[in-house]
Structure formats: structure tokens, C-alpha cells
Amino acid sequence: MSDYTRVYFEGLGIDFDLPAVAFTIFGHDIHWYGIIIAFGFSLAVLYGGRMAYKWKMSLDGMTDVLIWGTILGIICARAYYVIFEWGYYKEHLNEIVQIWNGGIAIYGGIIGAIIGAVIGCKIGKINIPNLFDLGALGLLIGQGIGRWGNFFNQEAFGTNTTTALFRMWSQKIAQTLEYSADTLTAKGIEFDPNLPVHPTFLYESVWCLALFFVLNYIVQKKRKFKGEVFLLYGIFYGLERAVVEGLRTDSLYIGDTTLRVSQLLSIIIVFVFTVAFVVCCVKLKKGTLYKALMLDTPDGQATDMPIDNTIDKKEEIENGTDN
């Protein structure tokens with residue numbers, strides 16, 4: 001366990017040794033990155049399971065969603081990264097499947113998870129917009145915690161800053177900047193390996209966890225239609241990512257341009273989801289919202305029971321004929 005790096009937080013006046021390896025078992029190093037990712041994933045699953053039970057969603061169906069979402073999430077996270085780093089991987093085809101050496105993208109993982117969730121919903125007969133609301137909250141838990149894996153790896157940091165309170169520096173950061181010097185220069189990014197950088201992992205972690213608590217409150221108390229929380233997730237996570245991605249020094253780019261893939265995608269998501277949210281709110285107010293998006297139980301919570309049956313049940317209760 002000699003893989004340590006000294007991390008300096010100049011603005012806070014503190015520094016300490018940060019280990020990349022948590023422990024070694026049977027001759028294999030277990031890294032903090034993997035432990036943190038697994039912890040975030042586990043909390044997201046536990047939260048999703050609890051909410052699925054509360055909303056009376058099929059647990060067998062949720063298992064289908066989890067399996068498909070996880071498998072396709074991992075595959076697409078890797079595929080997304082490889083596609084936009086094809087200049088390297090076309091010369092190293094054997095490394096495409098070596099995901100353990102790093103190289104995954106959150107947006108790719110989200111896309112894959114959404115595709116897998118839709119497949120799981122179809123198999124398990126779960127309402128898709130309802131599941132997306134639940135999935136958005138799980139994603140925020142996983143993203144908020146998972147970003148700390150980047151901290152232990154000393155990666156996913158930003159450009160130089162001498163004013164940010166949580167600015168940080170380590171020898172590993174300096175080495176990464178020096179190694180990426182040609183790419184950064186070609187993209188017009190000015191940098192100095194000897195100066196502290198923005199802890200962009202921290203910015204995204206704090207934003208995701210704060211957004212989780214806000215959206216969790218909405219889903220518990222204020223949700224107006226199924227899919228609302230998912231749309232709000234896309235809008236507010238997209239806004240954060242569009243800003244923070246512009247600070248990062250490890251972005252994926254579109255070909256030889258200076259257009260950052262995740263930044264452009266974030267802007268598109270914000271626009272599309274904002275339009276969809278406004279349209280749904282207007283239709284809800286007019287009473288013309290698509291039936292499958294309506295909250296249809298007496299207490300306003302979601303259910304996977306067909307809407308017509310639920311309405312009949314409500315009428316029975318109101319008329320005193322419920323057995």
C-alpha cells in the first residue's frame with residue numbers, strides 16, 4: 001500500500017496523504033475508486049428498492065430494470081468513451097474491453113441505464129415515467145458519492161485557479177497536466193502544472209447530493225405528474241454539467257474541434273427537457289395531460305395499477321361501496 005499522493009488544499013491551509021489503494025487481498029489491490037463506486041451504487045439500489053416498495057411497484061420488475069440497466073449502463077459508459085477517443089483505440093483495439101484500466105463516461109452510463117430501464121420496464125410491466133423519476137434520484141445518489149472516487153484517483157479536476165476556496169494540487173495532478181500538455185495546448189487551454197486547480201469532482205458531488213434532497217422532497221410532497229422529477233433532473237444536472245465541464249481538463253471532444261461532447265450534450269438536454277416540462281405543465285393545467293403521466297391514487301402517490309382501475313377504486317371509496 002505504497003500508492004499515496006500528497007494533496008494540498010492551499011485555500012484551507014491543509015494537506016495530507018491520500019491513498020489510492022484501500023487494501024490488498026490475495027495479491028490483488030482493491031482501490032478506493034472501486035469501493036466508492038460500489039458504495040454509491042449500493043445506496044442507490046437500496047433507496048430505489050425502498051421507494052419501489054412504498055409505491056407498490058413490482059419487485060420482480062424492478063429486478064429486471066436493475067439487471068438490464070446495470071449491464072447496458074456499463075457497456076454504454078465504455079462505448080461512449082471509446083467512440084470519442086477513437087483516434088487512440090483504433091490503434092489499440094485490444095484495449096477497448098479493458099475497462100479496468102479506466103475510461104468510462106457518465107453520460108454514456110446514463111444513456112445505457114435508460115435504455116436498460118426501458119427494456120426492464122417492458123419485461124416487468126412497470127410504468128416507465130414513474131420508473132424514470134425513481135431512477136433519476138438513484139442516479140443523483142450514485143453520481144454524488146461516485147465522484148469521490150475521482151478524488152482518490154486525483155482525476156476529473158479542472159483548470160488552474162488561485163482564488164477558489166477548495167483549490168487543490170498534488171504531484172499526480174501536475175504529472176497528468178504535463179502528460180496532457182499537447183492536447184491541452186491544441187484545445188487552447190492555458191495551464192501551469194505547478195498551480196492548484198478547480199476540484200470539479202467536488203462541485204459535481206455537492207450539486208448532485210443537494211439536487212437529490214430537493215427532488216426527493218418534490219417526489220414526496222410536490223410531484224404533479226409522473227416523469228416530472230426525471231425532467232427536473234435533466235434540466236438542473238444538465239445546467240451544472242454544462243458549466244463545470246467547461247472547467248475540466250480531461251473532456252472528450254468532437255473530433256479535432258474544441259467542442260466538448262458532454263457540454264454540448266448538456267445544453268441540448270437542458271433545452272429539450274425544459275420544453276417537455278413546460279408542455280407537461282401547460283397540459284396538466286388544461287386537463288389534457290396524457291393519462292399515463294397522471295398521478296392517480298387517492299394519496300397522490302404513484303402506482304403501477306392501470307389508471308382506470310384506480311379511478312374506479314377512488315369512486316368506490318367516495319361512494320362508501322368499497323369492500
Taking all atoms of both residues into account, what is the closest heavy-atom pair of I35 and A22, and its distance?
-> CD1-CB, 3.4 Å

Side-chain (W207) to main-chain (F236) donor-acceptor, under 3.5 angstrom | yes

Any chance you could measure K125, atom NZ, to S58, atom OG, to the nearest 0.5 Å?
-> 9.5 Å

Assert yes or no for the condition that the ring centre distance of F213 to Y217 is strictly below 6.0 Å.
-> no

Hey, is the main chain of T24 close enough, under 3.5 Å, to the side chain of D29 for a donor-acceptor pair?
-> no

Would you check if M62 and L131 make a side-chain contact, meaning some heavy-atom pair closer than 4.5 Å?
-> yes

With a 4.5 Å limit on heavy-atom distance, are the side chains of Y237 and L139 in contact?
-> no

Polar side-chain atom of T63 near backbone of L59 as donor-acceptor pair, under 3.5 Å | yes

Any side-chain heavy atom of E10 sitting closer than 4.5 Å to one from W169?
-> no

Are L202 and L195 in one and the same hydrophobic cluster, where Ile, Leu, Val, Met, Phe, Trp and Tyr link if side-chain heavy atoms are under 4.5 Å apart?
-> no

Is E228 salt-bridged to R223, cutoff N-O under 4.0 Å?
-> no

Under 4.5 Å between side-chain heavy atoms, hopping through other hydrophobics if needed: is there a path connecting I173 to F166?
-> yes

More than 12 heavy atoms of other residues, nucleotides or ligands under 6.0 Å from CG of N94: is that the case?
-> yes

Rounded to the nearest 0.5 Å, the CZ atom of F23 sits from the CD1 atom of I30 at a distance of 5.0 Å

Just do the ring pair (Phe, Tyr, Trp, His ring centres under 6.0 Å) check on F212 and Y47 with the steps written out, would you?
-> CA-CA 11 Å; F212 164 77; Y47 173 85; 5.3 Å; yes

Flag, side chain of W68 to backbone of G73, donor-acceptor distance under 3.5 Å = no

Is the closest basic N to carboxylate O distance between R260 and E245 below 4.0 Å?
-> no

For Y107 and S266, test the side chains for any donor-to-acceptor distance below 3.5 angstrom and give the result as yes or no.
-> yes

Donor-acceptor under 3.5 Å (T257 side chain, I254 main chain) | yes

Lys/Arg-Asp/Glu bridge criterion (N-O < 4.0 Å) met for D15, R6 | yes

Hey, does the side chain of R241 reach the backbone of S262 with a donor-acceptor pair shorter than 3.5 angstrom?
-> no

Could you tell me the separation between the CG atom of N160 and the CG atom of N194, rounded to the nearest 0.5 Å?
-> 9.0 Å

Do the non-hydrogen side-chain atoms of L252 and Y81 ever get within less than 4.5 Å of each other?
-> yes

Under the 3.5 angstrom rule, does the side chain of D64 hit a backbone N or O of I123 as a donor-acceptor pair?
-> no

Same cluster or not: are I74 and Y33 linked, directly or through other Ile, Leu, Val, Met, Phe, Trp or Tyr residues, by side-chain heavy atoms under 4.5 angstrom apart?
-> yes

Would a distance-only check, ignoring hydrogens and angles, find a side-chain to backbone donor-acceptor pair under 3.5 Å from N153 to E155?
-> no

Between the OG atom in S170 and the CZ atom in F16, the distance rounded to the nearest 0.5 Å is 10.0 Å

At what distance, to the nearest 0.5 angstrom, does NZ of K187 lie from CG of L259?
-> 9.0 Å

Check V197, T200, T249 against T159 for a side-chain contact (heavy atoms from CB on, under 4.5 Å) and give me the one that passes.
-> T249

Co-members of the apolar cluster containing L209 [side chain, <4.5 Å] | none

Going by heavy atoms in the side chains, are Y203 and V243 under 4.5 Å from each other?
-> no

Below 4.5 Å, heavy atoms only, C-beta onward: do I110 and Y233 meet side chain to side chain?
-> yes

Cluster check V219, V65: I/L/V/M/F/W/Y, side chain < 4.5 angstrom = yes

Does a donor on one side chain sit under 3.5 Å from an acceptor on the other, for T5 and Q154?
-> no

Would you give the length of the straight line joining atom CD1 of I145 to atom OG of S42, rounded to the nearest 0.5 angstrom?
-> 9.5 Å

Looking only at heavy atoms, which two atoms of T161 and R167 are closest? And how far apart?
-> O-CD, 3.6 Å

Kindly say whether the aromatic ring centers of W148 and F151 come within a distance under 6.0 Å.
-> yes

Side chain proximity check, Q143 to E204, heavy atoms < 4.5 angstrom = yes

Report, as yes or no, whether the 6.0 Å neighbourhood of atom CZ on F39 holds more than 12 heavy atoms from other residues, nucleotides or ligands.
-> no

Would you check if the distance from the ring center of F230 to the ring center of F273 is below 6.0 Å?
-> yes

Looking at side-chain heavy atoms only, is the closest gap between M51 and L137 below 4.5 Å?
-> no

Is there a donor-acceptor pair under 3.5 Å between the side chain of R78 and the backbone N or O of G103?
-> yes

Sub-3.5 Å donor-acceptor pair from the side chain of S205 to the main-chain atoms of F201, do we have one?
-> no

